[in-house]
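Here's the structure, in structure tokens; my notes come after.
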Amino acid sequence: MYIAMILPTECRPEKQNGKPHINMEIEESFEEAPLHVMVFTYMGYGIGTLFGYLRDFLRNWGIEKCNAAVEREEQKDFVPLYQDFENFYTRNLYMRIRDNWNRPVCSAPGPHFDMLERVSDDYNWTFRFTGRVIKDVINMGSYNFLGLVSKYNESMRTVKEVLERYGTGVASTRHEMGTLDKHKELEDLVAKFLNVEAAMVFGMGFATNSMNIPVLVGKGCLILSDELNHTSVVLGARLSGATIRTFKHNNMQSLEKLLRDAIIYGQPRTRRAWKKILILVEGIYSMEGSIVRLPQIVALKKKYKAYLYVDEAHSIGSVGPTGRGVSEFFGIDPGDVDVLMGTFTKSFGAAGGYIAGKKELVDYIRVHSHSAVYATSMSPPVAEQIIRAMKLIMGLDGTTQGLQRVQQLAKNTKYFRQRLREMGFIIYGNDHSPVVPVLLYMPGKVAAFARHMLEKKIAVVVVGFPATPLAEARARFCISAAHTREMLDKVLEATDEIGDLLQVKYSRHRHSARPELYDETSFELDD
Amino acid sequence: MDTWRPPVQGICLPRSASGPARTGLSPSLTAQARGGGDQRAAAPAQAPPPRARDVTVPRHARVDVPVAFRKEAQRLTMANAAEQWVLVEMVQALYEAPAYHLILEGILILWIIRLLFSKTYKLQERSDLTLKEKEELIEEWQPEPLVPPVSKDHPALNYNIVSGPPSHNIVVNGKECINFASFNFLGLLDNPRVKAAALASLKKYGVGTCGPRGFYGTFDVHLDLEDRLAKFMKTEEAIIYSYGFATIASAIPAYSKRGDIVFVDRAACFAIQKGLQASRSDIKIFKHNDMADLERLLKEQEIEDQKNPRKARVTRRFIVVEGIYMNTGTICPLPELIDDIDLISANMENALASVGGFCCGRSFVIDHQRLSGQGYCFSASLPPLLAAAAIEALNIMEENPGIFAVLKEKCRKIHKALQGISGLRVMGESFSPAFHLHLEESTGSREKDVKLLQEIVNQCMNRSIALTQARYLDKEEKCLPPPSIRVVVTVEQTEDELERAAATIKEVAQAVLL
């Protein structure tokens with residue numbers, strides 16, 4: 001079934017803040033795989049599991065050597081440190097293909113990077129570095145959306161100066177002795193960038209979610225969370241003590257039903273009314289490549305008086321005509337989102353996160369954030385990198401370089417997604433999302449895809465269970481403004497070739513915009 | 001077979017419990033048989049008379065147990081025969097019953113099934129809300145504000161702002177001071193070697209890593225740092241996190257799950273508390289540094305385990321303690337506690353002058369976190385320049401082991417100098433580089449205590465000694481420590497400065513408190 005969601009932007013915001021009004025139709029597709037693919041995928045896992053049991057049996061009897069680290073003799077009678085199944089999966093399935101993750105990099109993660117060559121002599125139980133470096137691998141794995149990470153160049157002069165003056169650490173918390181003038185400068189700039197009243201920054205993106213959501217809601221409050229939210233959002237929700245209900249991914253009917261029921265029926269058992277309802281969504285979902293349906297959510301949140309928290313980890317800097325994230329993408333006043341959260345890891349090439357919004361919100365966060373009271377504040381050179389990147393995007397450096405990067409990213413994204421679709425791959429998500437997941441389904445093909453790509457000097461991210469549903473393993477391309485057309489073409493060519501080799505062009509809805517791409521064999525395959 | 005039950009169970013119904021039903025059927029049965037007039041009618045006649053047996057066996061049993069036992073074999077055969085008979089009779093009844101009867105009974109059975117499976121009748125169902133009522137409810141509902149207002153003069157909104165580097169000489173709110181507040185124990189924040197190493201890394205890698213460790217966020221520097229940390233700590237393996245707070249807060253839930261038990265010191269810091277909360281384990285808190293209390297809890301648990309050995313076999317137990325307690329400045333009595341540690345978690349944000357944290361221990365233990373430590377798997381990795389700074393800091397520590405003795409000596413000095421201030425009490429070990437000054441006598445209100453201490457801090461700041469109160473989230477802490485001023489000793493502080501600081505604190509405290 002081919003699900004095309006047409007989202008007309010019927011909810012036009014009253015305030016436009018003088019920004020260009022966007023009226024576009026957004027198409028998001030989540031094509032389902034042919035039945036036989038699903039059958040083979042489950043069979044693959046089944047066979048892997050059977051073999052796993054067999055080998056565990058052999059290891060138990062000492063027939064096969066067990067390479068896994070084992071508990072010491074004197075602690076053998078303790079309750080096992082970790083759960084059995086988890087361990088089984090790691091030992092017997094993950095271990096076979098684990099060379100595709102944690103690949104060590106030894107240069108800046110720009111559009112090209114160098115990797116340390118490593119080999120395994122014992123089927124991935126241990127790795128050995130050969131000492132050789134795989135040079136100039138095309139990097140399709142890092143979230144370097146605007147290409148602002150590279151080795152030192154003159155544009156990073158201020159970062160160097162701050163490093164020389166301030167050093168790397170702070171050794172104190174924001175509340176004690178760790179608020180530097182640099183932090184203040186950064187916070188003011190973030191607020192200006194996002195066009196909101198105030199902002200506060202934190203040293204780690206993950207912790208920005210997990211340590212601040214509990215500040216906003218607690219017992220007697222309700223959290224409505226998208227089912228595909230990032231772990232950090234889920235952890236924050238869980239730590240808050242509020243009741244959590246999840247709605248189907250980006251599904252407005254599901255969200256509205258939960259909202260209505262929550263208000264009408266109140267809390268379970270006590271039947272008291274909820275104190276407040278907080279909707280947690282992400283701007284771009286990193287595993288699906290989908291973009292939140294913000295206009296509809298804002299309309300719903302206004303109708304039902306709920307609060308809205310948008311995690312823009314992947315969308316800030318990467319979407320919207322000037323890179324201001326999903327609110328700009330949809331032409332929505334950022335003031336309509338109660339809590340704007342984002343990270344500096346991706347588009348800004350640094351580390352950390354922010355919470356922004358109304359002054360009273362940020363003041364409250366300043367006082368009550370777990371991170372502000374207990375965690376060391378952001379490293380000064382990291383803060384300076386964000387300042388420099390943000391100024392560039394805002395054009396405060398006096399050039400249009402930042403804007404060009406944002407536009408280049410949009411162009412690259414469009415081109416790459418279109419070409420992949422024409423080739424017949426099933427790709428997920430929104431046409432404007434620079435995160436491009438290509439569905440591979442079978443665990444064996446995941447490993448083969450990543451290995452073949454590396455042979456062609458292209459680094460891609462592959463993910464499978466448990467990060468995705470069991471049968472929906474995929475490869476993920478992250479498009480960067482720094483990718484040139486030649487690089488993208490090289491990647492597309494390689495993907496095309498490997499796609500044919502591995503037979504992973506599953507889509508039955510070929511967009512025949514470029515029919516000349518197809519030869520006879522590919523049509524035969526379709527029958 | 002189940003005709004007979006021991007008398008103790010009360011009255012046991014004979015098989016003829018179904019008797020009435022059968023009897024009810026039988027008239028029509030016979031009528032049908034006669035009407036049909038074929039071989040089928042003969043069957044009941046040939047079969048042994050049922051009712052007599054049905055009734056006699058249980059009667060025997062009820063009256064005289066031994067007799068019943070003796071007659072066990074006989075009874076069983078009889079019961080079998082009776083059962084056979086019942087079956088034959090039922091099948092026949094089916095054949096012979098009139099159609100209308102079967103239909104009626106069929107409907108009855110269906111009705112019973114419906115009743116069994118239909119939802120219990122509820123009054124509420126009838127009072128379902130109408131759409132209009134629902135809309136009214138939605139219209140009526142008024143949420144609390146997202147955040148309550150904060151008063152403008154809340155101390156946290158009036159931060160100390162440090163201009164320039166947060167090292168030994170520090171400019172706080174425009175005033176130049178000597179830093180007794182940052183955890184810069186080894187004075188490495190300002191160290192030129194550390195800065196140079198970070199700069200070299202900046203030149204090669206830039207700032208961010210743009211990805212988690214799994215997805216091209218593992219850099220050679222990270223691997224080096226992990227190796228170095230493992231060697232430094234003399235363990236098999238180390239794992240680094242990009243945020244100090246997230247280290248222990250991720251490590252605990254990686255191992256301890258729902259149903260497991262964690263014994264934890266009362267004074268444990270906030271990161272540990274959050275880790276425990278995330279683990280959803282069973283938390284047992286023992287008194288601060290009180291090993292007898294821990295033993296009491298362990299013994300209680302042992303008794304509990306004996307009651308439920310099956311559960312005990314799958315319940316993991318952990319003890320979580322801090323080396324030097326941040327909240328008290330006291331040291332954990334490790335030798336009394338245990339002879340071996342499974343996992344050490346530490347912070348690179350203080351002595352190591354960087355950012356992040358690490359865990360170390362045996363590979364068997366540590367490796368598990370690479371797939372289960374949430375803050376490790378799902379967060380961008382540590383910027384390489386910070387990893388490089390930490391490596392250089394380790395180099396300096398290894399090259400100058402004497403540095404620790406110097407620090408210890410300085411701690412001892414200021415500890416001694418701060419004794420005997422009227423109104424203030426020193427809390428913490430004499431060799432601990434971070435310790436607390438508590439009010440000797442509380443005014444009875446936390447708010448007033450905090451104000452008094454803040455006055456001391458402010459006046460010290462005016463006299464160029466930068467101090468800070470230990471800050472907590474009052475409502476979030478499990479066991480909120482009393483308000484205190486935290487004093488941090490670093491190797492960079494000269495003897496003169498230490499003396500001056502002690503004298504200043506003494507004078508100011510006397511002026512404020514007396």
Side-chain angles (χ1 to χ4, degrees), chain A residues 69 71 79 81-82 101-102 104-106 108-109 116 141-144 149-152 163-172 175-177 179-181 203-204 206-207 231 239 263-264 273 275-276 305 307 338 345 349-351 360-361 363-364 366-367 373-376 379 382 385 459 461, chain B residues 134 137-138 141 143-144 146-147 150 154 156-157 159 161-163 165-166 181-184 189-190 195 198-199 202-208 210-211 213-216 218-220 242-246 270 277 316 349-350 353-355 363-364 368 374-375 378-380 383 386 389 468 471 473:
Chain A
E71 185 58 292
V79 180
L81 190 58
Y82 15 93
W101 289 276
N102 301 303
V105 176
C106 58
L116 295 175
S142 301
Y143 298 116
N144 184 14
V149 174
S150 62
K151 67 178 198 185
Y152 183 80
L163 173 58
E164 279 169 343
R165 185 161 129 76
Y166 288 79
T168 47
V170 181
S172 189
H175 275 207
E176 290 174 359
M177 201 56 80
T179 304
L180 306 184
D181 46 0
M204 183 199 201
F206 185 96
T231 317
L239 289 176
I263 298 172
I264 293 167
K275 288 183 184 161
K276 51 192 165 190
K305 294 171 226 139
Y307 300 106
D338 298 281
T345 320
E360 56 197 88
L361 166 85
D363 277 353
Y364 189 79
R366 275 187 210 288
V367 175
V373 184
Y374 295 104
T376 304
S379 163
V382 173
Q385 159 74 9
V461 166
Chain B
K134 285 183 179 174
L137 279 171
I138 290 169
W141 182 65
E144 285 181 8
L146 180 58
V147 290
V150 191
H154 193 284
L157 289 181
Y159 299 127
I161 294 195
V162 178
S163 325
S182 308
F183 297 105
N184 180 20
L189 274 187
D190 212 16
K195 283 182 184 175
L199 192 61
L202 173 73
K203 293 218 156 133
K204 187 173 173 198
Y205 301 97
V207 180
C210 286
R213 286 289 295 264
F215 304 157
Y216 306 101
T218 300
F219 285 66
D220 46 359
S242 51
Y243 204 47
F245 191 97
F270 197 70
Q277 197 190 337
R316 286 173 283 250
E349 292 166 351
N350 303 330
S354 179
V355 167
S363 294
F364 174 74
H368 181 60
Q374 289 199 327
F378 299 103
S379 160
L386 296 174
T468 176
R471 306 266 188 201
L473 287 171

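Below, read A as the first sequence line, B as the second, and so on, with proteins coming before strands; counting in each chain starts at 1. Source: prediction; values computed, not measured.
- Residues B:Y205 and A:C106 come closest through the heavy atom pair CE2-C, 3.8 Å.
- Of the listed residues (B:N184, B:L137, B:L199), the greatest number of heavy-atom pairs within a distance under 4.5 Å of chain A belongs to B:L199.
- Counting heavy-atom pairs under 4.5 Å between each of A:Q385, A:H175, A:E360 and chain B puts A:H175 at the top.
- With chain B as the partner, the residue from A:G203, A:S172, A:A273 showing the most heavy-atom pairs under 4.5 Å is A:G203.
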Practice item. Decide side-chain contact (heavy atoms from CB on, under 4.5 Å) for A:Y374 and B:L473; before the verdict, give the C-alpha distance in whole Å, the side-chain angles of both, and the deciding distance to 0.1 Å. Key: CA-CA 9 Å; A:Y374 295 104; B:L473 287 171; 3.8 Å; yes
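- Nearest heavy atom pair, residue A:A350 against residue B:V207, reads CA-CG1, 4.2 Å.
- Counting only distance, with no hydrogens or angles, the side chain of A:E176 and the backbone of B:R471 share a donor-acceptor pair below 3.5 Å.
- Options A:V105, A:T231, A:L163, A:L361 differ in how many heavy-atom pairs under 4.5 Å they form with chain B, and the most are formed by A:V105.
- Residue A:V149 touches chain B through its side chain alone, counting heavy-atom pairs closer than 4.5 Å.
- For A:S150, the part sitting under 4.5 Å from any heavy atom of chain B is the backbone (N, CA, C, O) and nothing else.
- Ranked by non-hydrogen atom pairs under 4.5 Å with chain B, the options A:V382, A:V373, A:V79 are led by A:V79.
- Heavy-atom minimum distance, B:V355 versus A:S379: CG2-CB, 3.9 Å.
- Residues passing the salt bridge (Lys or Arg N to Asp or Glu O under 4.0 Å) test with A:K276: none are found, sequence neighbours excluded.
- Heavy atoms closer than 4.5 Å to chain B are found in the side chain of A:L116, but not in its backbone.
- Taking OG from B:S242 and CE from A:M204, the interatomic distance works out to 3.5 Å, rounded to the nearest 0.5 Å.
- Per-residue heavy-atom pair counts under 4.5 Å with chain A were compared for B:Y159, B:F245, B:F183, and the maximum is reached by B:Y159.
- Closest approach of B:N350 and A:A171 over heavy atoms only: OD1-CA, 4.4 Å.
- With rounding to the nearest 0.5 Å, the separation of CG in A:N102 from OG1 in B:T218 is 4.5 Å.
- Listed here is the closest heavy atom pair of B:K203 and A:K151: O-CB, 3.4 Å.
- Interface residue A:Y307: only side-chain heavy atoms are found under 4.5 Å from chain B.
- Listed by chain and residue number, nothing satisfies the side-chain hydrogen bond (donor to acceptor under 3.5 Å, both in side chains) test with B:T468 (two or more places apart in sequence, or in another chain).
- Interface residue A:A351: only side-chain heavy atoms are found under 4.5 Å from chain B.
- No other option in B:G211, B:S354, B:G214, B:S363 has as many heavy-atom pairs under 4.5 Å with chain A as B:G214.
- Annotation: the span from B:Q277 atom CD to A:L239 atom CG amounts to 5.0 Å, rounded to 0.5 Å.
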